[in-house]
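A short write-up of the structure that comes next.
Reminder, nothing fancy here: chain letters follow the sequence lines and each chain counts from 1.
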Number of protein chains: 2
Amino acid sequence: MGLMFYFYVVLVFINLSTLPSFNQAKFMEKAASNSTTNEWTLGTVRDSLIRQEDTIIFGLIERAKFPMNSVVYDQSFARIPGFGGSLVQYIVQETEALHAKLGRYESPEEHPFSDNLPPSLIRSHNYSQFLHPAANNININKKIWDIYFNQLLPLFTVEGEDGNYASTAASDLECLQALSRRIHYGKFVAEVKYRDAPKDYGHAIQAQDRDALMKLLTFKSVEEMVKKRVEKKAMLFGQEVSLENGGSKGKYKVDPSLVSRLYGEWVMPLTKLVQVEYLLRRLD
Amino acid sequence: MGLMFYFYVVLVFINLSTLPSFNQAKFMEKAASNSTTNEWTLGTVRDSLIRQEDTIIFGLIERAKFPMNSVVYDQSFARIPGFGGSLVQYIVQETEALHAKLGRYESPEEHPFSDNLPPSLIRSHNYSQFLHPAANNININKKIWDIYFNQLLPLFTVEGEDGNYASTAASDLECLQALSRRIHYGKFVAEVKYRDAPKDYGHAIQAQDRDALMKLLTFKSVEEMVKKRVEKKAMLFGQEVSLENGGSKGKYKVDPSLVSRLYGEWVMPLTKLVQVEYLLRRLD
């Protein structure tokens, strides 16, 4: 018991993702033993979630380089022959169609925002089957789209117009893709957690008990740690760097507390939503 | 003299771009007085160059997330109907065609890698005419493409393949665009410098003396400062961030000394090449 408690305390301190559950120690042992046969283990999933934070923050900083450029979102501004939407809708649809031809959405980690994309034109990469097939039916990008444009974007861009419409829309797509990838990575988080404790989850799954699943997946102190870490990253990556001092001067390209809020209010809850949706179908 | 010397020393310390010339003080005064009538001044040009460093470094870090994925560059791998090139050539051409329809290349700061792009479909942004019209004929993207793929890319990616071909190619394009924008920004640097000292430059331009122009544009100590700053940025942005310490641990996502070398060997020399090319035609 003493040793396990020590191990547990160490894990809480070193663990930097939303992953830890009450079965961490057992989980980590298992993940380690599986690591040669499986791409997704506690270690790789945690590392990926942490790495994806950087991508999301870089994306936000790059989008914040441009002012709002509100015509990009104006349905009546874009008069593109044969297309009824806004410039950003056009960029997203056309870019996703292009990437689909190169097999992007064959990866279980990628989820498109557009419907009816063309099939891949190239030889498929041999992705290992790790997730339950039900994963294919889970895509909450409509929700991510809505939150990004209606809630998040106005918070971290300044009013104005600089003509960089294509770059602005492409930059929005980068943010959307990074957020979507992180949030849908909940499928891998859930699968790893399920494999670690099939009995605990199995009971709640058979009862189709969302609340019980959410409880099993929630670990408040770790969520607080993630929020602190992304805030720190936003400070480090968004500072004005000069050779004289450590940087900073209290001016950041994206408000670090906003990145913390993004994670607390949207990214982590939506990741858990994906986890719950996935687990509810895990035994189908 | 005493005051001017003090002013000069201060400038050398605070100035963080490749801009400073021996006419810095006069230049800065003029830039300040012009700032309401002109988008491009010493201040805005310098700030833009510094801000673009972040974009370039974020781009390199994001590309380094993927392994080499060499099939992306293999002409025989991509069998795209009606297209003879590699996947990256396809992504670049198609993405640039899409962005061209949204007016990207109407901006004097943007330069495409592809030929024969479609015209813009949207109302143009009203870009102010700052550059001499000869600027339109200067595009050294072929050189940038060659250096990026043949020299730089193998230095900061690891061998291997993970199937993320579309993301890899899109990430290459992000790097190419960021480098191209920075290097072609030399046009604005040159114009600002020319307006500051038309006589000094005019003499060398009339003589079509490349060496004299290069000498006027070169300021070794500032170049060394830029190299140090981008190295520091690569450390800050590419570190493994943890809550316990300041970060780092000496492991970076992209080797900081490589970013310094990228600037010293390629970015700054190519920016000066653009400046010389521009100035040679400045009086046409």
Side-chain angles (χ1 to χ4, degrees), chain A residues 13-14 16 50-51 53-55 58-59 61-62 65 71 77-81 87 90-91 94-95 98-104 106-107 109-110 121-127 161-167 169-170 174 177 225 228-229 232-233 236-244 246-247 253, chain B residues 13 16 50-51 53-55 58-59 61-62 65 71-72 77-81 87 90-91 94-95 98-104 106-107 109-110 121-127 161-167 169-170 174 177 225 228-229 232-233 236-244 246-247 253:
Chain A
F13 271 90
I14 64 168
L16 303 166
I50 293 173
R51 178 62 189 82
E53 292 166 4
D54 300 34
T55 301
F58 293 160
I61 290 172
E62 285 300 291
K65 193 168 62 174
V71 301
F77 178 84
R79 303 242 175 120
I80 295 159
L87 293 183
Y90 186 64
I91 282 262
E94 294 297 307
T95 307
L98 173 60
H99 290 198
K101 288 186 212 165
L102 271 59
R104 179 171 187 143
E106 293 190 353
S107 163
E109 296 182 27
E110 297 281 355
L121 297 174
I122 64 166
R123 258 201 325 276
S124 282
H125 180 75
N126 189 18
Y127 292 105
E161 207 186 308
D162 68 358
N164 288 307
Y165 307 141
S167 306
E174 290 285 330
Q177 286 171 331
M225 226 185 313
K228 281 201 190 102
R229 187 175 61 242
K232 182 173 176 182
K233 285 185 175 182
L236 287 166
F237 304 159
Q239 66 186 306
E240 305 289 341
V241 176
S242 86
L243 285 175
E244 285 78 42
K253 297 186 183 79
Chain B
F13 271 92
L16 303 166
I50 293 173
R51 178 61 188 84
E53 292 166 2
D54 300 34
T55 301
F58 293 160
I61 291 173
E62 285 299 292
K65 192 168 61 175
V71 300
V72 168
F77 178 84
R79 304 243 173 116
I80 296 160
L87 294 183
Y90 187 64
I91 281 261
E94 294 296 308
T95 306
L98 173 60
H99 290 198
K101 289 188 209 164
L102 271 59
R104 179 170 187 142
E106 294 190 352
S107 164
E109 297 182 27
E110 297 281 355
L121 298 174
I122 63 165
R123 259 202 322 276
S124 281
H125 180 75
N126 189 17
Y127 292 105
E161 206 185 310
D162 68 358
N164 288 308
Y165 307 141
S167 307
E174 290 286 328
Q177 286 171 331
M225 228 187 311
K228 282 201 190 103
R229 187 175 59 242
K232 182 174 176 184
K233 285 185 176 183
L236 287 166
F237 303 158
Q239 66 185 305
E240 305 287 340
V241 177
S242 83
L243 286 174
E244 284 77 45
K253 297 186 183 79

Where does [X] contact chain A at under 4.5 Å (heavy atoms): side chain, backbone, both or neither?
X	result
B:E161	both
B:E174	side chain
B:N126	neither

Count the heavy-atom pairs under 4.5 Å between each of [options] and chain B, then report the option with the highest count.
options	answer
A:K228, A:R104, A:E110	A:R104
A:Q177, A:E109, A:K253	A:K253
A:D162, A:N164, A:I91	A:D162
A:P81, A:S167, A:S124	A:S167

Considering all heavy atoms of both residues, which atom of [X] and which atom of [Y] are nearest to each other, and what is their separation?
X	Y	answer
A:R229	B:V241	CD-O, 3.8 Å
A:I122	B:L87	CG2-CD2, 3.8 Å
B:A170	A:H99	CB-CE1, 3.7 Å
A:Y90	B:L102	CD2-CD1, 3.7 Å

Stepwise side chain to side chain contact (heavy atoms under 4.5 Å, CB included) test for B:K101 and A:I80: CA-CA 9 Å; B:K101 289 188 209 164; A:I80 295 159; over 6 Å; no
Note: A:D54-B:K65 ion pair, threshold 4.0 Å (strictly below):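 A salt bridge is absent here (no side-chain N lies under 4.0 Å from a carboxylate O).
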Salt bridge A:E240-B:K233, side-chain N to carboxylate O under 4.0 Å: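 A salt bridge is absent here (no side-chain N lies under 4.0 Å from a carboxylate O).
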Evaluation steps, salt bridge (charged side-chain N to carboxylate O under 4.0 Å, His left out), between B:E62 and A:R51: CA-CA 10 Å; B:E62 285 299 292; A:R51 178 62 189 82; 2.9 Å; yes
Stepwise side chain to side chain contact (heavy atoms under 4.5 Å, CB included) check, B:T95 with A:T95: CA-CA 7 Å; B:T95 306; A:T95 307; 5.6 Å; no
Gap separating the CZ atom of A:F58 from the OG1 atom of B:T55, nearest 0.5 angstrom: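 The distance works out to 11.0 Å.
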Residue pair B:R79 / A:L121, side-chain heavy-atom distance below 4.5 Å: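 Sidechains of A:L121 and B:R79: no contact.
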